[in-house]
Trainee: 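Structure provided below as structure tokens; questions to follow.
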Amino acid sequence: MTNLAIDHVGKTYADGTEALRDIQVHAAEGEIVAILGGSGCGKTTLLRLVAGLDTPSTGTISVGGQAIGAVFQEPRLLPWLKIGANIAFGGQRLDPAERARRTSALIERIGLSGYDHRWPRDLSGGQSQRVAIARALIGHPGVLLLDEPFSALDPFTRASLHALVLDLWKELRPTILMVTHDVDEAVTLADRIVVMKPRPGRVHESIQVDMPRPRDKLSSAFELMKRRAMRAIDRSLADDRPTGPRAFGPGGTSPWL
Amino acid sequence: MKLTGFIIPIVLGVTWEAVVQSGLATGRLMPPPSHLLHSAAALAASGELWTHVAATMTRIGLGFLFGAAAGTALGVLTGASGLALRLLDPSIQALRAIPSLAWVPLFILWLGIFETSKLALIAMGVFFPVYLGVLSAIQNVDRKLIEVGRVFGLSSTGIALRITGPAVLPVWFAALRTGLGLGFMFVVAAELMGASEGLGYMLLDGQQMGRADTILVAMIVFALLGKACDSILVAISIPVLRWQDTARATL
């Protein structure tokens, strides 16, 4: 059952820059869809449209009236609210008692018990992003948007946050739309990878990731899936290249193989 | 550590005291500390000093209140509405280009020589820094935090109260402190232009009577009151701004 529908969405800015063209992405309930692409392919723009922070120039986006949660590239915690209040901020529609209950449960879940009354300035980057994830999920949103929230973190912290997101996803089952430029991250988390190509941002192809979770990054299946995604990226770039000799190897062979 | 700052004034004071006591100077135009203390005590005992302090503080208090309220209100208005900004800000900026003291004759003409014209002058001194501070603070609120409010479903009122408001608070307090400082500057101007009481009147009186000690006592009282009022503002701001992640070594 479709839960999030992005239909023929295009975005052209006032200055004439076409950021997105005819984007078509549907996500089923509880599905994790990763939008994979390099910078300039409009993936963050797409997420902003879904979040309602910007309006599409053409096409429609529907989340079926569900609540949306979002985690941005930076934690974006409100510096004047303590950690507990920052998490509670995400639950605007909850009644106060329920909000307080969920806040303390989530603080426990993200491994920051005892931090309720600390200020955001006291947290590390990874801890702040954990709080941002809790804030995004406290309202039990039907759709969770992740805008490269792990890109600024070190590999260890990133892996632990991947685990946290999957853990919370198993419990709350939001549909997740995440954008990333990290192939490894997309294969670790997603049910489906949508590869985009740039200028203007378009959907290049969609790859189903049928692997059970938790996924073993050292398995050959994982490696294969990564290769498939990388080849798709290559093809998306090759399409854009002007005719003539291919930049990489004879016959456009992937630089990654 | 904090006492280091007292070394120079104390050395200078003691030296001057010694010079006058030993008869090397009369200290008529620059009375030594003992003389100043004596004059201050006499003025305080006669009640004269308190009359002047009360008059000055009433003017500062009311002028600051009006100026800060108007500056905040207009700053919020122009910060919140593009129409108000385009409509009002050019005029306000044009008025700001006039040196505030240039208004004195007009205020006296319009409002008389008594309290109203003085309050208007002080309020105007307070108004501009507060207005500018609030306006620029609202314009500079981090767009990314506003977006957080929008994503989590806050109304525009909710965003104004829960995001813009707290984000503007540190600049608002800083602007109030600047405004208060200017308020003190303009109360002197207002009282010099004709008053029968107030610390500014004391200054003028001391000059006309050739009493340097009266002038110096008024100046010191001004400094103490200014510092005390500023500290009160800071004390109010500390619990509200505890979240700030800034180097707050000196207040």
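So that the names make sense, note that chain A is the first sequence line, chain B the second, and so on, each numbered from 1. Keep in mind that the numbers below use all heavy atoms, side chains included, and drop hydrogens, waters and symmetry copies.
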Trainee: Give the member of B:R242, B:R162, B:R150, B:K144 that has the highest number of heavy-atom pairs under 4.5 Å with chain A.
Mentor: B:K144
Trainee: Verify the neighbour count for atom CE of B:M219: are there more than 12 heavy atoms of other residues, nucleotides or ligands below 6.0 Å?
Mentor: no
Trainee: In terms of heavy-atom pairs under 4.5 Å, which option from A:A132, A:G90, A:G69, A:A67 contacts chain B the most?
Mentor: A:G90
Trainee: May I ask you to test the B:V151-A:F72 pair for a side-chain heavy-atom distance under 4.5 Å?
Mentor: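 Heavy-atom side-chain distance check passes, below 4.5 Å.
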Trainee: Look only at the side chain of B:W243 and the backbone of A:P120, and say whether a donor-acceptor pair between them is shorter than 3.5 Å.
Mentor: no
Trainee: Is it the backbone or the side chain of A:L145 that comes under 4.5 Å from a heavy atom of chain B, or both, or neither?
Mentor: neither
Trainee: Counting neighbours of CD1 on B:I8 that are heavy atoms of other residues, nucleotides or ligands and sit closer than 6.0 Å, is the number greater than 12?
Mentor: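 Atom CD1 in B:I8 is not packed in, count stays at 12 or less.
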Trainee: Where on B:I163 is there a heavy atom nearer than 4.5 Å to chain A: the side chain, the backbone, both, or neither?
Mentor: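 When you check distances to chain A, atoms from both the backbone and side chain of B:I163 fall under 4.5 Å.
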Trainee: Please give me the minimum heavy-atom distance between B:Q244 and A:R121, naming the atom from each residue.
Mentor: O-NH1, 2.6 Å
Trainee: In terms of heavy-atom proximity below 4.5 Å to chain B, should A:R135 be classed as side chain, backbone, both, or neither?
Mentor: both
Trainee: Does atom CZ of B:F114 have more than 12 heavy-atom neighbours from other groups under 6.0 Å away?
Mentor: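 Open: at most 12 neighbouring heavy atoms sit under 6.0 Å from CZ of B:F114.
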Trainee: A:F89 versus chain B, heavy atoms under 4.5 Å apart: side chain, backbone, both or neither?
Mentor: both
Trainee: Counting only heavy atoms not in B:F173 (residues, nucleotides, ligands), do more than 12 fall under 6.0 Å from its CZ?
Mentor: yes
Trainee: What is the distance from atom CG of A:L53 to atom CD1 of B:I146, rounded to the nearest 0.5 Å?
Mentor: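 CD1 of B:I146 is found 11.5 Å from CG of A:L53.
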Trainee: I'd like to check B:P166 versus A:L81 (side-chain heavy atoms, cut-off strictly below 4.5 Å). Are they in contact?
Mentor: no
